Amino acid sequence: MKKTDFGDGSRQASPSHLIDARIEELNDWRGEMLARVRTLIKEAEPEVVEEWKWRGVPVWERAGIICTGETYKSVVKLTFAKGASLEDPKGLFNSSLEGSTRRAIDFHEGDEINEEALKALIRAAAKLNTSAQAAGSRKKSSRA
């Protein structure tokens with residue numbers, strides 16, 4: 001990806017700008033799908049932080065990774081870092097089901113998004129991260 005011009009040209013573009021650029025460069029249904037799920041993630045978890053990791057993967061975090069947004073030729077994949085620990089009453093997870101930690105949702109061209117169910121998963125993942133972080137803080141303070 002290109003560097004953003006900050007005068008001296010020494011700083012990289014922000015993760016949000018890099019995600020914008022990825023969406024624009026896809027220029028097809030995958031860009032539209034990635035943009036839509038990104039909007040839903042931000043609506044569900046307003047305190048989400050966008051990151052750009054592993055040489056070009058959009059990542060959404062709150063007290064840890066909530067999910068990643070990978071794009072492939074025929075799928076946009078949202079991988080939830082702790083998906084195996086989340087309730088999925090609407091059965092959105094349809095990929096990486098055999099793993100012990102992660103779960104994913106593969107979106108194909110023309111797929112409809114169950115927006116409320118996806119937002120619920122995002123909120124649950126953020127809550128799991130923040131509760132794990134709080135539990136870790138309590139352990140550290142009780143040792144002191």
Side-chain angles (χ1 to χ4, degrees), residues 1-4 6 10-144:
M1 290 281 146
K2 299 176 191 171
K3 287 188 176 185
T4 300
F6 289 99
S10 62
R11 291 180 32 200
Q12 290 285 342
S14 73
S16 292
H17 285 108
L18 292 169
I19 295 169
D20 290 341
R22 168 63 50 83
I23 289 167
E24 191 174 317
E25 87 183 11
L26 287 168
N27 195 27
D28 62 11
W29 71 270
R30 296 169 303 159
E32 292 170 13
M33 183 67 74
L34 186 59
R36 184 68 196 133
V37 296
R38 179 192 198 190
T39 297
L40 294 171
I41 291 166
K42 289 177 172 185
E43 287 175 2
E45 192 53 50
E47 294 182 41
V48 73
V49 174
E50 293 189 314
E51 295 292 342
W52 185 258
K53 297 186 178 187
W54 307 297
R55 298 183 183 174
V57 177
V59 178
W60 292 275
E61 298 183 351
R62 171 127 193 259
I65 294 174
I66 294 173
C67 63
T68 62
E70 300 142 281
T71 51
Y72 300 97
K73 204 174 212 177
S74 64
V75 69
V76 172
K77 180 183 287 287
L78 278 189
T79 302
F80 286 73
K82 298 177 184 173
S85 298
L86 300 174
E87 294 292 321
D88 181 21
K90 299 295 183 184
L92 296 184
F93 291 131
N94 60 11
S95 183
S96 305
L97 300 176
E98 66 285 343
S100 61
T101 306
R102 293 184 299 255
R103 295 285 184 272
I105 304 169
D106 285 353
F107 295 101
H108 298 88
E109 186 172 9
D111 282 355
E112 293 291 323
I113 300 173
N114 183 334
E115 294 183 0
E116 290 310 309
L118 180 58
K119 287 180 181 183
L121 274 178
I122 298 296
R123 286 189 290 270
K127 184 177 179 181
L128 179 62
N129 285 353
T130 56
S131 65
Q133 185 180 49
S137 295
R138 284 192 298 271
K139 285 180 185 177
K140 286 178 185 173
S141 62
S142 67
R143 286 187 222 156

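The residues of the chain are indexed from 1 along the displayed sequence. This structure is a prediction, so every number in the text was calculated from the model and none was measured.
A distance of 11.0 Å separates CD of Glu45 from SG of Cys67, quoted to the nearest 0.5 Å. A distance of 11.5 Å separates CG in Leu86 from NZ in Lys127, rounded to the nearest 0.5 Å. To the nearest 0.5 Å, the span separating OG on Ser95 from CG on Leu78 amounts to 11.0 Å. A distance of 10.0 Å separates CG in Leu128 from CD1 in Ile66, rounded to the nearest 0.5 Å. Here Arg103 contributes atom CZ and Ser96 contributes atom OG; the two are 8.0 Å apart, rounded to the nearest 0.5 Å. From Trp60, atom CH2 reaches atom CD1 of Ile122 across 8.5 Å, with rounding to the nearest 0.5 Å.
Among residues two or more places apart in sequence or in another chain, the side-chain contact (heavy atoms from CB on, under 4.5 Å) test is passed with Thr71 by Arg22, Leu26, Leu34, Val76.
One N or O on the side chain of Ser14 and one on the backbone of His17 form a donor-acceptor pair closer than 3.5 Å. Counting only distance, with no hydrogens or angles, the side chain of Asn129 and the backbone of Glu61 share no donor-acceptor pair below 3.5 Å. Of the possible donor and acceptor atoms, one in the side chain of Asp111 sits under 3.5 Å from a partner among the backbone N and O of His108. A donor-acceptor contact shorter than 3.5 Å links the side chain of Arg30 to the backbone of Tyr72.
Within the structure, salt bridge (charged side-chain N to carboxylate O under 4.0 Å, His left out) pairs that include any residue of residues 65-93 comprise Lys77-Asp106 (at least two apart or interchain).
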